[in-house]
J.: 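Have a look at this one.
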Amino acid sequence: MKRHELFTAFGFSTQPTLIGLVIIFQFIFSPYNELLSFCMTALSRRFEFQADTFAKSLHRAAELRTALIKLNKDNLGFPITDWLFSAWHYSHPPLLERLKALDKTD
């Protein structure tokens, strides 16, 4: 890396090799970080649906439904979301998806 301005902006008077490698690795691994982030979000959403199914198996679906609606109302959540945006960014499924999953009969 021959960009002395970059190192100066972070307070380095020299160009340490380790810092240059860290900067390069940030650029190289950022796509992998996005992919890993999406996988963790999908896993978290799956766990939420499993927890809802468990509550339903304990015959607590009505209480869970009431609690989810109350939480959404208290947090001023908007119940309608784009499915692709929510799948990529939200670690918890939107309210309507969870309510629909609770209504399914197994």
Side-chain angles (χ1 to χ4, degrees):
M1 294 196 54
K2 304 281 185 192
R3 303 292 299 192
H4 185 68
E5 303 87 22
L6 181 66
F7 292 96
T8 306
F10 286 103
F12 295 102
S13 57
T14 62
Q15 293 183 351
T17 305
L18 183 62
I19 300 301
L21 289 175
V22 167
I23 293 170
I24 290 171
F25 283 136
Q26 282 181 327
F27 287 116
I28 291 172
F29 288 117
S30 65
Y32 299 113
N33 185 33
E34 286 297 319
L35 183 63
L36 182 63
S37 175
F38 174 71
C39 292
M40 294 302 293
T41 300
L43 186 64
S44 176
R45 290 170 65 96
R46 182 172 179 222
F47 289 157
E48 286 295 320
F49 282 122
Q50 286 178 349
D52 293 351
T53 304
F54 180 70
K56 186 176 181 178
S57 72
L58 294 176
H59 304 292
R60 299 285 188 208
E63 290 88 350
L64 178 60
R65 183 178 290 107
T66 304
L68 288 173
I69 292 170
K70 185 178 185 320
L71 278 171
N72 196 51
K73 193 182 301 183
D74 289 348
N75 292 329
L76 303 175
F78 192 68
I80 301 171
T81 58
D82 179 51
W83 70 272
L84 191 57
F85 184 85
S86 70
W88 187 263
H89 293 286
Y90 296 167
S91 62
H92 290 66
L95 175 67
L96 294 179
E97 277 185 47
R98 292 181 80 175
L99 293 178
K100 192 184 302 182
L102 278 174
D103 290 337
K104 280 186 184 176
T105 56
D106 296 343

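By convention here, the first residue in the shown sequence is residue 1.
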J.: Give me the atom names and distance for the closest heavy-atom approach of Phe38 to Ala87.
T.: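 Between these two residues, the closest heavy atoms are CE1-O, 3.6 Å.
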J.: Listed by chain and number, what are the ring pair (Phe, Tyr, Trp, His ring centres under 6.0 Å) partners of Phe12, not counting sequence neighbours?
T.: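 Checked Phe12 against ring pair (Phe, Tyr, Trp, His ring centres under 6.0 Å); zero matches.
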J.: Determine the minimum heavy-atom distance between Tyr90 and Thr81, stating which atoms define it.
T.: CE1-CG2, 3.8 Å
J.: Whether the side chain of Arg45 engages the backbone of Ser86 through a donor-acceptor N/O pair (distance < 3.5 Å, no angle test) should be reported.
T.: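 Such a contact is found between Arg45 side chain and Ser86 backbone.
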J.: Atom CG of Leu68 and atom NZ of Lys73: how far apart are they, to the nearest 0.5 Å?
T.: 12.5 Å
J.: Is the side chain of Lys56 donor-acceptor paired with the backbone N or O of Ala61 at a distance under 3.5 Å, no angle test?
T.: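 Checking the backbone N and O of Ala61 against the side chain of Lys56, no donor-acceptor pair under 3.5 Å is found.
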J.: Checking Asn75 side chain against Leu71 main chain: does a donor-acceptor pair fall under 3.5 Å?
T.: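 Yes, Asn75 side chain to Leu71 backbone: donor-acceptor pair under 3.5 Å.
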J.: CZ/Arg98 to CD1/Ile69 distance, rounded to the nearest 0.5 angstrom?
T.: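 Result: 11.5 Å between the selected atoms.
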J.: If you look at every heavy atom in Leu102 and Asp52, which pair is closest and at what distance?
T.: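 Heavy atoms only, the tightest pair is CD2-O, 3.8 Å.
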J.: Are any side-chain N or O atoms of Ser44 and backbone N or O atoms of Ser91, one a donor and one an acceptor, separated by less than 3.5 Å?
T.: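 Here the side-chain-to-backbone pair exists.
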J.: Could you state whether Leu43 and Leu36 fall into the same hydrophobic cluster, counting links through intermediate Ile, Leu, Val, Met, Phe, Trp or Tyr residues with side-chain heavy atoms under 4.5 angstrom apart?
T.: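 No, separate clusters.
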J.: Between Ser57 (side chain only) and Phe54 (backbone N and O only), is there a donor and an acceptor less than 3.5 Å apart?
T.: yes
J.: Begin from the C-alpha positions of Leu99 and Arg65 and carry the test side-chain contact (heavy atoms from CB on, under 4.5 Å) through to its verdict.
T.: CA-CA 7 Å; Leu99 293 178; Arg65 183 178 290 107; 3.4 Å; yes
J.: First locate atom CG of Leu35, then atom CE of Met40, and finally report the distance between them rounded to the nearest 0.5 Å.
T.: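 These two atoms lie 12.0 Å from each other.
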J.: If only atom types and distance count, is the side chain of Ser37 paired as donor or acceptor with the main-chain N or O of Asn33 below 3.5 Å?
T.: no
J.: Do you know which two heavy atoms are closest between Trp88 and Glu34, and how far apart they sit?
T.: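 Heavy atoms of Trp88 and Glu34 come nearest at CZ2-OE1, 3.7 Å.
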J.: Quick one: CZ on Phe49 to NE2 on His92, what's the gap to the nearest 0.5 Å?
T.: 11.0 Å
J.: Got a salt bridge between Arg60 and Glu63, using NZ or NE/NH1/NH2 to carboxylate O under 4.0 Å?
T.: yes
J.: Hey, what do you get for CG (Leu64) to CG (Leu58), rounding to the nearest 0.5 Å?
T.: 10.5 Å
